[in-house]
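Below: the structure, in structure tokens.
All values below come from the heavy atoms of this structure, side chains included, with hydrogens, waters and symmetry mates left out. Counting starts at 1 for both ligands and their atoms, following the listed order.
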Amino acid sequence: MTMNHLFFMLTGLLMLLSFAPKKEIYQVLSQHPHDVEKILPYISTVKKAGRLWLVEIHQDLPVQWRGLFRPTSQRVLHHSIAPRTKNLQAPLPLIKEFTQRVRASSIRADVEKLCSFKTRATGTLENQQAVEMMEHFFKSLGLTTRRQCFRSNACNVIAEREGKSPQAILLMAHIDSVGKKFAGADDNASGVAVLMEVARAVRDYDNQHTLRFFITNGEEQGLTGARYYVDSLKRSGEIKDILLAINMDMVGYNSNGFVELETDGKFQSLALWFSQLVTTYTKLNSKITLGAWGSDHVPFINADIPSLLTIEDWSTKTPCYHAECDLPNTLNYDYAAEIGKLNVAAMISRDRSGVGF
Ligand SMILES: [Zn+2]
């Protein structure tokens, strides 16, 4: 074969490749074990990194499961370890003072309390009792507290301390579980317990903006409570007053010291801002995922509200995800407390700065 032959063969091959139709890549939008089991025979993984899972779909994928995927075109998708920025500002003494109030032992006690309900599945009597417990808790802190029911047996709880401005900084966690007996410790008693501890920690902080604590319900049934709340804010026009909405879902199982920060590409600067707070105010490192899915921050992001999920490192997440073994004694409470410190720092930092994202 001459060099000319080789040249023409290679050029032909390249032309063929460039004209071959490109296969669409999809992002997987549910990693619940029962969904994964269903879809696994019909997909080929292109990339799996942290919360980000990209696949090609085989043609024989049953049509009713298409909703578990989203085409990746026109969307910024990304996963990486966040750099530990050099020459960071020293921690502000005021913020440090409030972060230091977060106690692992109180988080543990609240996780145990939440898991003493036989179930927290949405619509059950026990779920409603857990909602009542949250109302009592917030009232005991002197917060203005209300429940918002999206069904007769399913309610969110919204508690706040008004600031001088109606604009609000919101911290949320879902109280419902998938319903395994006395379980749901990591998913998501951990998020609720850390939220309670943050509310205690900032109890006598002199807030400029409204600090709002939002207990969502029906998360495991398609983010029902959070969607309902965001729709109600859109109808009343109050949606424009949400400056920042932070979500905590599964913040208790970890041994590598990483927290994953997840939002969409349009709020990349928010993720970077959070990663700096991680470095300044906690012992943790962070990973950033752009391409939000699968928890209550999604309806806020879709409404263009700066919103971010703080979650345990997804590549080493609890082996008891949605299983009976998701029990309080499997959690790392010092780790959960670090995420509490992070979100105390985030709420106060946002409250004191004029920064937008
Ligand atoms: Zn969850």
Side-chain angles (χ1 to χ4, degrees), residues 28-36 50-53 68 107 110-111 113-115 117 119-124 126-127 130-131 134 150 154-157 170-196 198 213-230 245-254 259-263 289 291-301 307-328 330-332 335-336 339-340 343:
V28 180
L29 298 181
S30 168
Q31 296 186 23
H32 294 195
H34 61 273
D35 285 334
V36 171
R51 298 258 304 160
L52 193 63
W53 188 10
L68 299 174
I107 296 169
D110 286 326
V111 166
K113 218 180 284 172
L114 286 158
C115 292
F117 294 100
T119 173
R120 295 190 316 278
T122 310
T124 59
E126 291 89 343
N127 174 288
V131 161
M134 293 313 301
F150 50 92
C155 309
N156 301 323
V157 179
L170 180 148
L171 182 65
M172 70 185 121
H174 75 85
I175 196 163
D176 60 306
S177 70
V178 289
K180 306 289 182 199
K181 277 184 194 168
F182 304 107
D186 188 40
D187 190 8
N188 184 33
S190 68
V192 173
V194 174
L195 181 148
M196 293 167 80
V198 171
F213 299 96
F214 178 33
I215 298 294
T216 82
N217 216 330
E219 191 272 348
E220 301 290 3
Q221 294 161 327
L223 324 178
T224 324
R227 286 185 203 280
Y228 186 87
Y229 176 64
V230 168
I246 308 162
N247 184 13
M248 295 188 287
D249 189 359
M250 301 174 68
V251 291
Y253 184 92
N254 185 267
V259 55
E260 197 154 334
L261 307 170
E262 181 189 281
T263 183
T289 296
W293 62 274
S295 191
D296 289 327
H297 54 312
V298 170
F300 289 87
I301 289 174
S307 186
L308 177 139
L309 169 69
T310 50
I311 188 165
E312 66 204 32
D313 174 45
W314 197 248
S315 55
T316 60
K317 70 172 180 294
T318 173
C320 295
Y321 182 41
H322 288 183
E324 282 164 12
C325 59
D326 182 9
L327 299 171
T330 62
L331 301 192
N332 176 344
Y335 173 79
I339 293 187
N343 285 328

Asp296 side chain to Thr216 side chain, donor-acceptor N/O pair below 3.5 angstrom: yes

2.8 Å cut-off met by an N, O or S atom of Asp187 to the Zn ion (ligand 1): yes

Under 3.5 Å donor-acceptor, Glu262 side chain and Arg51 backbone: no

Closest Asp249 atom to the Zn ion (ligand 1) [N, O or S only]: OD1

Name of the His174 atom (N/O/S only) found closest to the Zn ion (ligand 1): NE2

Distance-only side-chain donor-acceptor flag, His174 / Asn247, under 3.5 Å: no

Heavy-atom donor-acceptor pair, Thr122 side chain to Asn217 backbone, under 3.5 Å: no

